[in-house]
Amino acid sequence: FRSSSQYRIWSFTKEQLKEKREQLSSKVSALVREKIERFLAENNSQLSNEEINEIRNKAIPVNAAEELQLITLYAQKIQLFGNKLRLPTEVVATAVCFFKKFYLETSVMEIHPKEMFFTCLFFACKSENYFIGIDSFASKVKKPKDSILKHEFRLLEGLKFTLMNHHPYKALHGFFLDIQMVLMKKVDLNYLGKVYENCKNMLNASLLTETMYHYTPPQITLAVLLTEDEALCLKYLEVKFPKTAESSNSVGLYEKVVKIIRECQKDLS
Amino acid sequence: DLHKRYALHEDKTYYDPFIKQLQTRKDYIASGFEATLVYDRMLTEAFT
Amino acid sequence: LYSKEKKVGEGTFAIVYLGRQLEGTTVKRNVAIKEIKTSEFKDGLDMSAIREVKYLQELKHVNVIELVDIYNEKGNLNLVLEFLPADLEMIIKDSSILFTQADIKSWLLMALRGVHHCHRNFILHRDLKPNNLLLAPDGQLKLADFGLARSIPSPQEQLTSNVVTRWYRAPELLFGAKHYTWAVDIWSIGVIFAELMLRIPYLPGKDDIDQIDVTFRALGTPTEKLWPEVSSFPTYNKIKMYPAPSRDELRKRFIAATENALNLMSGMLLMNPHARWDSVKCLQSDYFTELPEPTEPSQLP
């Protein structure tokens, strides 16, 4: 994971992410204001005072927080649409990640999220080996082919040419297996199956949060497990990372892991 | 990785109904599919 | 940052240039620039380009080709790769180049290390053959051409069996398997090992049907006993039954090979993909610890 592009390029502290968003928003807002002023100057004689006032009052660039809201809204729409198309879970997750990462580098004021919506879905299908030909895809989503393909290259650039995504679903499956062995006979397997399903749904929702930038997939998975069944999660971690004589006076691995996943849990909620 | 944080139980004692049913399919067996490969991958992802 | 100097190859979807990496006016090193023709593929960006970009960005290993950089120029995707002037196919075919058992061992070791790195990252290469094993000026062998690579799939996914160049295709692929594993790459390396020792293609089928016959004639037709459920493949009933070669026959065919070399080759070319050796077992083979030692890469032809 440390050698993955997800860690090297798409991991940020909360402060770094906030600053990145604000810098982008600020840069593009300045350009938008410049364009508006230029427009007003060039069309001064054709516009009425009312129109000029309307433009000044309403043509306000969105700020970083508003951009994030819009991006999250469209990311959710991608999930819903992807599920409607019955795309595999990981394909939908990749489409959401592509979309969100793209808008870390590009403002919604530069390209409207609607423009990237189907491009992200189509490209995610290709990237995750779920190839659907453009004719078939365009007919399913009822959009012209060109509108889907025209931003593909820009998307690839916006993703900094990194296409591998480590989603938390495999980690969930891994913990599902490990819990069985670590807590052998102390956990009802049917109940564990239900926990798995509930956690999977929560992981779908987690894609819409910022946690993908701040935590590793297994940390997100454990945070979701903590929410679903705190006792089970903590018991598992206690057995998994027992206190040793060496750690009795220092922060052990158990405490470290629990601290991180509680932070993640808070961010998720 | 000399210090994996998990032990893979190759005696197939994991409760995983979906993988278990794939393991019995002739097309899967003939192709080389093994449940332990899946388990190993998932466990690696969990402890990455 | 890069200059394209000379066109060195062209395929359906890409043109390859020899280029240079520049630092101001100082030339840093030679590079290969693969210019992907983005307009040629009606479904947008070509799948093989997507795969190369996706996997080479994640794989950093001395025995895997380095993706130095990527840039966009006039709507074309340009992959800047490390420049590797030769490949194993050139070496095998050029009869003026003499190489020893120690050289073969060195190349095989590097190839297996590259494959091991892919497999431990859960990536299948799916097109291993001598001309995709490139050679650097310092003698290092590197896996290249990840256009057919993919991550090991989810269990329910179906894969295409139409992968790997015919002569290097594992028997499960020849039978049309859709749930194959890393074992297909190991088979390819096994065939390449044989080819290094023989200096001629080992299993050169004329077409896909002939490939099955050539493979089983050389290595024996698999039976249910050796490969459970092999008879469930639709094409199994139409094949001829050939006996597996005896160890003696293999010794006669691979005259210069040691017993450990034959053990390793046989392990990589086991019909049953369950039994076939994985990259770890191959790398830990006694072949690599017996004399002669593998040649230092810088001393290789």
Side-chain angles (χ1 to χ4, degrees), chain A residues 1-10 86-91 93-94 97-98 118-138 145-167 169-170 172-174 177, chain C residues 34 36-61 64 66-81 117-118 120-124 126 146-160 162-163 178:
Chain A
F1 184 74
R2 286 293 170 99
S3 65
S4 72
S5 57
Q6 185 162 324
Y7 176 76
R8 287 182 289 112
I9 296 170
W10 298 107
R86 295 183 190 280
L87 298 178
T89 308
E90 297 232 345
V91 173
T94 294
C97 286
F98 280 175
F118 293 107
T119 308
C120 286
L121 272 167
F122 178 68
F123 200 63
C125 287
K126 283 206 282 192
S127 178
E128 294 295 331
N129 293 288
Y130 194 77
F131 181 74
I132 302 175
I134 188 62
D135 292 329
S136 176
F137 187 85
K145 283 188 290 193
D146 288 344
S147 70
I148 299 167
L149 292 177
K150 77 176 179 190
H151 292 306
E152 204 182 37
F153 212 88
R154 186 133 185 207
L155 173 60
L156 186 58
E157 279 187 309
L159 294 172
K160 301 187 185 183
F161 305 103
T162 59
L163 303 178
M164 183 77 93
N165 290 291
H166 293 271
H167 297 304
Y169 302 103
K170 289 190 180 77
L172 176 64
H173 194 163
L177 298 170
Chain C
K34 204 169 183 175
I36 313 285
K37 301 176 200 172
T38 46
S39 56
E40 297 287 327
F41 193 55
K42 76 165 184 61
D43 295 289
L45 201 54
D46 173 40
M47 282 296 292
S48 64
I50 289 174
R51 288 184 175 125
E52 286 228 85
V53 167
K54 181 174 178 179
Y55 297 114
L56 287 180
Q57 284 278 42
E58 311 299 316
L59 292 169
K60 302 292 171 205
H61 190 275
V64 175
E66 185 193 350
L67 178 63
V68 174
D69 205 346
I70 311 179
Y71 65 91
N72 169 19
E73 187 184 37
K74 295 172 193 163
N76 283 329
L77 186 63
N78 288 267
L79 309 189
V80 183
L81 299 156
H117 188 62
C118 293
R120 68 178 168 181
N121 281 284
F122 305 108
I123 294 166
L124 307 178
R126 303 198 305 177
F146 278 71
L148 276 177
R150 66 157 293 158
S151 300
I152 284 172
S154 303
Q156 65 272 34
E157 272 185 83
Q158 283 197 349
L159 301 167
T160 172
N162 191 21
V163 291
K178 293 191 181 346

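Convention: sequence-line order gives letters A, B, ...; per-chain numbering from 1. Every value quoted in this text rests on a predicted model; they were computed, and no experiment measured them.
Against chain C, the residues from residues 147-155 of chain A that qualify, each with a non-hydrogen atom under 4.5 angstrom away, are A:Leu149, A:Glu152, A:Phe153 in number order. Contact residues of residues 47-60 of chain C toward chain A are C:Met47, C:Ile50, C:Arg51, C:Val53, C:Lys54, C:Tyr55, C:Gln57, C:Glu58 (heavy-atom distance under 4.5 Å).
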Worksheet item: Does the side-chain contact (heavy atoms from CB on, under 4.5 Å) test come out yes or no for C:Asp43 and A:Phe137, once each step is laid out?
Response: CA-CA 10 Å; C:Asp43 295 289; A:Phe137 187 85; over 6 Å; no

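Two residues are said to be in side-chain contact when any heavy atoms from C-beta on lie closer than 4.5 Å; C:Leu77 and A:Phe161 meet this criterion.
The contact between A:Phe131 and chain C is made entirely by side chain atoms (from C-beta outward), counting heavy-atom distances below 4.5 Å. Contact of C:Ile123 with chain A is made through the side chain alone, with heavy-atom distances under 4.5 Å.
A distance of 9.0 Å separates CD in A:Glu90 from OG in C:Ser151, rounded to the nearest 0.5 Å.
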